[in-house]
Each structure stands twice: as C-alpha cells, then as structure tokens.
Colleague: 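First the structure, then my questions, so here it is.
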Amino acid sequence: MQDVRIRICAGAILSCSAFLSLYGAAAALLWWLIFTPRLKLIVRIRSFLGIIFMIAIIAIIVQIMQGSGVSYFGRMTVVILIGMWLAAEYKPGEFLHFGTWLLGKNIGFELGLIAEMAMQSFVTLRVDLDHIRMALHVKGIPVTIKTIIPTGNLLIHRELFRAKDNADLLAVRGYQYGGKLTPVFFSCKRDIVAGLCAMFVMIIALFPFVNFLYFDSEVLRGLL
Amino acid sequence: MEVGIVKVVLDDVMLKRQNFSLAARGEFSEGVHLITGAVGSGKSTLALAIAGNFPTEHGGISRVGFGSMMISMQFPEYHVTRMTLKEECISWGHEPEEFFSSPDLLGREDQSPFVISRGELKRFHLSCVLKKHYDLLLLDEPFSSLDCESKQVFCHHLLHRKEGVTIVFTHEEMFLPHVDRIWEIINGVLYDRGALPGALPRWAGAPPHIKKMIEKGKTPKNISYEDVLEATCRT
C-alpha cells in the first residue's frame, strides 16, 4: 500500500477491530490475507515466534483466570500480524509527511519527526541486537537467561546515548520547533479499496456489540 | 583435519552484498597477512566471511587445523556485551585486577564502555583480544580511531605472534605491522602480491612513501615503520 494516510488509518482500524472481538479478528485476518504480501512479511521468523510465545503465555494465564485466553490469543496474534505489515511497509520520511499533512507545520511536523526518530530507533535496535549476538558468539558466551538481562540493559543504554547524540545534532543544526514541508503522497485504486474494506472490517467487529445492545434494549422493553 | 598445519583456503569464493561483489581465491598459511584495499572494497565483508559470519555466493572457505578463532571488527562498540569496563574485561575471560593496573585504565573499572572515547574503547578492545592466543586472528581495521603511539604498540604486539594465522585488513598507510605476505583488493578481486620483500613492487596500492623508496632503489625489507625508516636511512 503506497499511501501512508490510508495505511495508518487502515492499520489503526484493523488493530482496534481485531482487539474488539473475535469476529473483528477473523475479518482483519481475512483483510491481511487479501491485501498484504502475507508470509513474506515475516522476515524474522524467530522474532515472530518469540512474540507469539509471549502472547501464548499471557493467554494461558488469562484462560486460567477468566476463561477467555483462547480469544485473547487469537485477537492479539492478528494485531501482531497487522503491526508487522505496518512496519514492513514503512518507508523513511513517511511519518513526517503524514504528521505535517494531518496537524500542520508545528505540532504535526514535531510529532512526525518524533515518529521518524522512533522508527529509526527500532531499526538501530535490531542492528545493535545483531551486533551483541555476534559479539557473544565471538567471545564464546552462550545466549542464556543470564545474558538476556545485561543485553537488554545494554540496548537501552545504547539507545539513550544515541538519543542524546540526536538531540545534540538537532540543536547544533539550529532546530527549535516545527518545520516547513510539503507533504507528498502516492495512492492507487487498490489503496482506496483496501481502506474501504478496513472500514467494513470495523463494522463486522462492532456487530456483537450492536447485537448485544439490540438484545439488551429488547429485554429492557419487555421489562418496561 | 591435518595435524600441525593451520591455514585458511579460499576456494573460488564469491561474496555479494547488494551492488557489491568480491571474488577471492588463495591460501593463508601460518604468519601475518596484510589485506589492503580502498574504503568499500570489501575488506570487512571478506573478514566476516572468513570468520564464517557472512555467506558465500559460491565457492567455499576452509579453516584447516584451527582450535581457536577470533575476529576483531572495525567498530569496537560492536564487541561490547556488558555495562562496565570491568564486566567487559571479564566477558573476554581476563582477570580485571591485572588489566586495570595499567596507567591508562587505573580506577576506570566501573566506567561505561560508551562514555570513554572511541579511541580508548578501541585500545581497550584490542588489549582484550591480543591478551589471548588465537590460532586464527582476523583484525578488521585495527588502526581505526587509534593514535600514532597506540598504532605502533599494536604493531609491536603482532611481532610476538609467532604461531597461527593472523590476517590484518586495513587501508592504513603509515604505521603498518611487520607482515609475511601482502594481499590486495582491486575492483572486486583479491590479488595475492606474494611474500615480502618481493611483494612490494607488485603492490599497486602501496603507500606513496614506500613507492618512492622503491623508485629510489631503496626497497624496504618489510613495511613496518622501523623497516621503512631503516630503508630511508640506508646509504
């Protein structure tokens, strides 16, 4: 999907829909199967399985405590798939254009810049993790629970240092607040169709609530 | 496995990375090898491939007879796995007491590897690497970020490596180690320039001062700072 505006809106709608109900999750999954490159998105299978594993643990706890763990697992898996699609489709600079288009050259530009920097941080975090993994391998240190905590510490530490460097760089270049930018977007018919279908997914997700409200009002009417 | 013989064999290796490719063949036997080439010529990629951390497009890389191997990457922060210099030192398998008794590291055990300068971190990292013996030692740009004094200390340290295979990948021109063989990457191909001192006239990318010495008929015996100085003073 080329148009970042439609992509972000569709991503938000689909994520909410998937989280709201199992109907929504099923419809969002169908949307994901039709409008995305599907399994090609999962470039890091180990990371994906790691996330799914964490969701599964939480789902088991929810299942034991409330009995809705299976539903939680299904809904969250679809949310993750939507998130992976959004991350894979991202092109550097898009959020800056989107923010400026949505909220203007001051707060919009600022939020866009923050989003861009956050995305850059995700990329560098991944690179940092690869380097640490290789360094551990070179030193002959096995990856265990014992090494995970210092690795996490190190990643946060590096990111904070990098954030400070970025802040210094912006200050040196005279950045204060907001900026001028003419947003440019490219869209095609398929983007519009996908966007409309995402809205339809939301309607499906809300169906159980509408049904519930209708049923509720019937009961209410009967009582009255 | 051949007992007693250590060598790295590049068997018609092809490495590819986006728009870049490198063809390499040759045998790295016991001793110190220098691989030179311009920035972006593929030195780091070749180092990673020899270490087994980069896949070959075709051909194979055999590491024969090595019990231990180490690759020192160009950027010292890539090797950091701990929060303090002391922990970092332990992660390399060294005793911190003897490490932090040197004047430049005295009292710095609890410092973060990220608050010291890159040059200091590089020096610290190289000390950690060179304190241990490895049968195969790959040093990618070991001189980057170092001052002249540290470069010379490093070159002198390599003189003590009598066993195993050491491969130094660098584009440094002034402070070079005493080496046994020179290799060169030009236009995506690795060329073996041969053993010293015969390799010097064949070394296309030789530093200008060495080229000048050869032109004057004062070919140095080797490429270390001391060897070049000796050739300069030769009458």
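Every chain is numbered from 1, with letters handed out A, B, ... down the list of sequences. Everything numeric here is computed off the predicted structure, so don't read it as measured data. Side chains are part of it too, since the values below use all heavy atoms of this structure and drop only hydrogens, waters and symmetry mates.
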Colleague: Using non-hydrogen atoms and a 4.5 Å limit, figure out which bit of B:Ser72 sits close to chain A: side chain, backbone, both or neither.
Modeller: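 Neither; nothing under 4.5 Å.
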
Colleague: Could you tell me whether B:Arg25 atom CZ has more than 12 heavy atoms of other residues or ligands within 6.0 Å of it?
Modeller: no

Colleague: Give a yes or no on whether A:Met199 atom CE has more than 12 heavy-atom contacts from other residues, nucleotides or ligands under 6.0 Å away.
Modeller: no

Colleague: Take atom CZ of A:Phe200 as the centre, draw a 6.0 Å sphere, and report whether it contains more than 12 heavy atoms from other residues, nucleotides or ligands.
Modeller: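 No - once you tally the heavy atoms of other residues, nucleotides and ligands closer than 6.0 Å, there are 12 at most.
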
Colleague: Which atom pair, heavy atoms only, marks the closest approach of B:Val80 to A:Leu154?
Modeller: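 Of all heavy-atom pairs spanning B:Val80 and A:Leu154, the closest is O-CD2, 3.2 Å.
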
Colleague: Could you tell me whether the side chain of A:Lys139 and the main chain of B:His79 form a donor-acceptor pair under 3.5 Å?
Modeller: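 Side chain of A:Lys139 to backbone of B:His79, a donor-acceptor pair under 3.5 Å: yes, one is there.
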
Colleague: Please indicate whether B:Phe114 has more than 12 foreign heavy atoms, meaning atoms of other residues, nucleotides or ligands, lying under 6.0 Å from its CZ.
Modeller: yes

Colleague: If I take atom CE from residue B:Met83 and atom CD1 from residue A:Ile149, how far apart are they, to the nearest 0.5 angstrom?
Modeller: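 These two atoms lie 12.5 Å from each other.
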
Colleague: Classify the angle between the aromatic ring planes of A:His131 and B:Tyr78 as parallel (below 30°), tilted (30 to 60°) or perpendicular (above 60°).
Modeller: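 If you compare the ring of A:His131 with that of B:Tyr78, the planes turn out parallel.
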
Colleague: Should the heavy atoms of other residues, nucleotides or ligands under 6.0 Å from CD of A:Gln2 be counted, would the total exceed 12?
Modeller: yes

Colleague: Which answer fits B:Leu48, side chain, backbone, both or neither, if we ask what part of it has an atom under 4.5 Å from a heavy atom of chain A?
Modeller: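 Contact with chain A: side chain only.
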
Colleague: Taking atom CZ as the centre, does A:Phe186 end up with more than 12 heavy-atom neighbours from other residues, nucleotides or ligands that are less than 6.0 angstrom away?
Modeller: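 Not more than 12 within 6.0 Å, no.
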
Colleague: Rounded to the nearest 0.5 Å, what separates atom CG in A:Asp130 from atom CG in B:Asn53?
Modeller: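 Output value for this atom pair is 11.0 Å.
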
Colleague: To check you understand the geometry: which heavy-atom pair defines the closest contact between A:Ala135 and B:Thr81, and what is its length?
Modeller: CB-CG2, 3.6 Å

Colleague: Looking at B:Glu77, B:Lys132, B:Glu87, B:Arg82, which makes the most heavy-atom pairs under 4.5 Å with chain A?
Modeller: B:Arg82

Colleague: More than 12 heavy atoms of other residues, nucleotides or ligands under 6.0 Å from NZ of A:Lys91: yes or no?
Modeller: yes

